[in-house]
Amino acid sequence: QVQLVESGGGVVQAGKSLRLSCQVSGNSAINSCLGWFRQAPGKEREGVATIQGSGSTDYADTVKGRLTIAKDNAKNTLYLQMNNMKPEDTAMYYCAAEGRTPVAYEWVGSRCGAFGYWGQGTQVTVS
């Protein structure tokens, strides 16, 4: 069973930085495709960034150059470094792992398959 637990969200001023973390456990999930997604109030879920087991990454055009996805296999942790943050980055951020489940979601901007395992989310607010 794959489990994902996000942390690091909060309120930050525009132009500042924030780093999200996701503790990954179960089924060697740290070696699979992992990703960050977000959903703002009244909007659909959108892909932010994904990272393959090889380390190859994909990013949404809106975050390229500002957000960086990375992982530490030894710590079973996925990260999202967010720099020069903007009010439009305000959303609930979710960590996800690839897998075919009834709640699987595919992001066309990623070379990964469907993401079927999800964390509970962490709120990011940019003022």
Side-chain angles (χ1 to χ4, degrees):
Q1 182 72 13
V2 176
Q3 292 187 323
L4 305 162
V5 180
E6 304 96 334
S7 61
V11 179
V12 63
Q13 290 182 331
K16 299 296 185 180
S17 298
L18 197 67
R19 188 178 78 163
L20 304 182
S21 299
C22 176
Q23 190 68 35
V24 181
S25 60
N27 294 351
S28 300
I30 193 67
N31 296 317
S32 70
C33 266
L34 300 169
W36 288 98
F37 296 78
R38 66 188 182 186
Q39 187 167 18
K43 295 188 177 181
E44 293 188 356
R45 176 174 42 184
E46 63 175 354
V48 175
T50 61
I51 184 167
Q52 299 181 58
S54 63
S56 297
T57 57
D58 292 299
Y59 292 93
D61 288 342
T62 54
V63 306
K64 283 180 180 177
R66 298 189 302 113
L67 276 58
T68 303
I69 189 171
K71 64 176 180 172
D72 185 331
N73 288 358
K75 295 183 178 180
N76 288 320
T77 304
L78 177 72
Y79 301 101
L80 183 68
Q81 177 67 42
M82 301 187 287
N83 297 329
N84 188 24
M85 296 185 70
K86 303 178 179 181
E88 50 264 42
D89 293 323
T90 295
M92 185 71 79
Y93 282 72
Y94 298 93
C95 169
E98 191 178 41
R100 289 287 177 183
T101 71
V103 295
Y105 172 83
E106 287 200 58
W107 177 34
V108 296
S110 172
R111 287 169 285 176
C112 296
F115 287 82
Y117 301 98
W118 296 84
Q120 81 289 350
T122 186
Q123 178 67 39
V124 173
T125 302
V126 184
S127 61

To the closest 0.5 Å, what do you measure between [atom1] ([X]) and [atom2] ([Y])?
X     : Y      : atom1 : atom2 : value
Leu67 : Tyr59  : CG    : OH    : 8.0 Å
Tyr94 : Thr122 : OH    : OG1   : 10.0 Å
Ile69 : Leu78  : CD1   : CG    : 4.5 Å

For a quick test of reading the model, state the closest non-hydrogen atom pair linking [X] to [Y] and the distance between them.
X      : Y     : answer
Lys43  : Gln39 : O-NE2, 3.1 Å
Asn84  : Arg66 : O-NH1, 3.1 Å
Val48  : Leu80 : CG1-CD2, 4.3 Å
Thr77  : Ile30 : N-CD1, 3.8 Å
Leu34  : Lys71 : CD1-CD, 4.3 Å
Gly121 : Met92 : C-SD, 3.7 Å

Would you say Gln120 has more than 12 foreign heavy atoms packed within less than 6.0 Å of its CD?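 Atom CD in Gln120 is crowded, with more than 12 foreign heavy atoms closer than 6.0 Å.
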
Distance-only check: which donor-acceptor pairs under 3.5 Å involve side-chain atoms of residues 15-22, not counting sequence neighbours?
| from | atom 1 | to | atom 2 | distance (Å) |
| --- | --- | --- | --- | --- |
| Ser17 | OG | Asn83 | OD1 | 2.9 |

Is any side-chain heavy atom of [X] closer than 4.5 Å to a side-chain heavy atom of [Y]?
X     : Y      : value
Val63 : Glu46  : no
Met82 : Val124 : yes
Thr50 : Glu98  : no

Which pairs count as ring pair (Phe, Tyr, Trp, His ring centres under 6.0 Å) when at least one residue sits in residues 98-127, sequence neighbours excluded?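 As it turns out, the ring pair (Phe, Tyr, Trp, His ring centres under 6.0 Å) pairs with a partner in residues 98-127, which skip direct neighbours, are Phe37-Tyr105, Phe37-Phe115, Phe37-Trp118.
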
Can a donor-acceptor pair be found, under 3.5 Å and without considering hydrogens, that links the side chain of [X] to the backbone of [Y]?
X     : Y      : value
Glu6  : Cys95  : yes
Gln81 : Thr68  : no
Thr90 : Val126 : yes

Test salt bridge (Lys or Arg N to Asp or Glu O under 4.0 Å) applied to Arg45 - qualifying residues, sequence neighbours left out: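 With neighbours one apart ignored, the set is empty.
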
Taking salt bridge (Lys or Arg N to Asp or Glu O under 4.0 Å) as the test, write out the residues that go with Asp58, two or more places apart.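 In terms of salt bridge (Lys or Arg N to Asp or Glu O under 4.0 Å), with neighbours along the sequence ignored, Asp58 is linked to Arg111.
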
With a 4.0 Å cut-off, would you call Lys64 and Asp61 a salt bridge?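 A salt bridge links Lys64 with Asp61.
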
Members sharing Tyr79's hydrophobic cluster (side chains within less than 4.5 Å):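 None, because no other hydrophobic side chain comes under 4.5 Å of this residue.
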
Determine whether the side chains of Ser127 and Gln13 contain a donor N or O and an acceptor N or O closer than 3.5 Å.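 Judged by distance alone, the side chains do not pair up.
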
Partners meeting side-chain contact (heavy atoms from CB on, under 4.5 Å) with Ala114 (sequence neighbours left out):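 Only Arg100, Ala104, Glu106 meet the side-chain contact (heavy atoms from CB on, under 4.5 Å) criterion with Ala114.
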
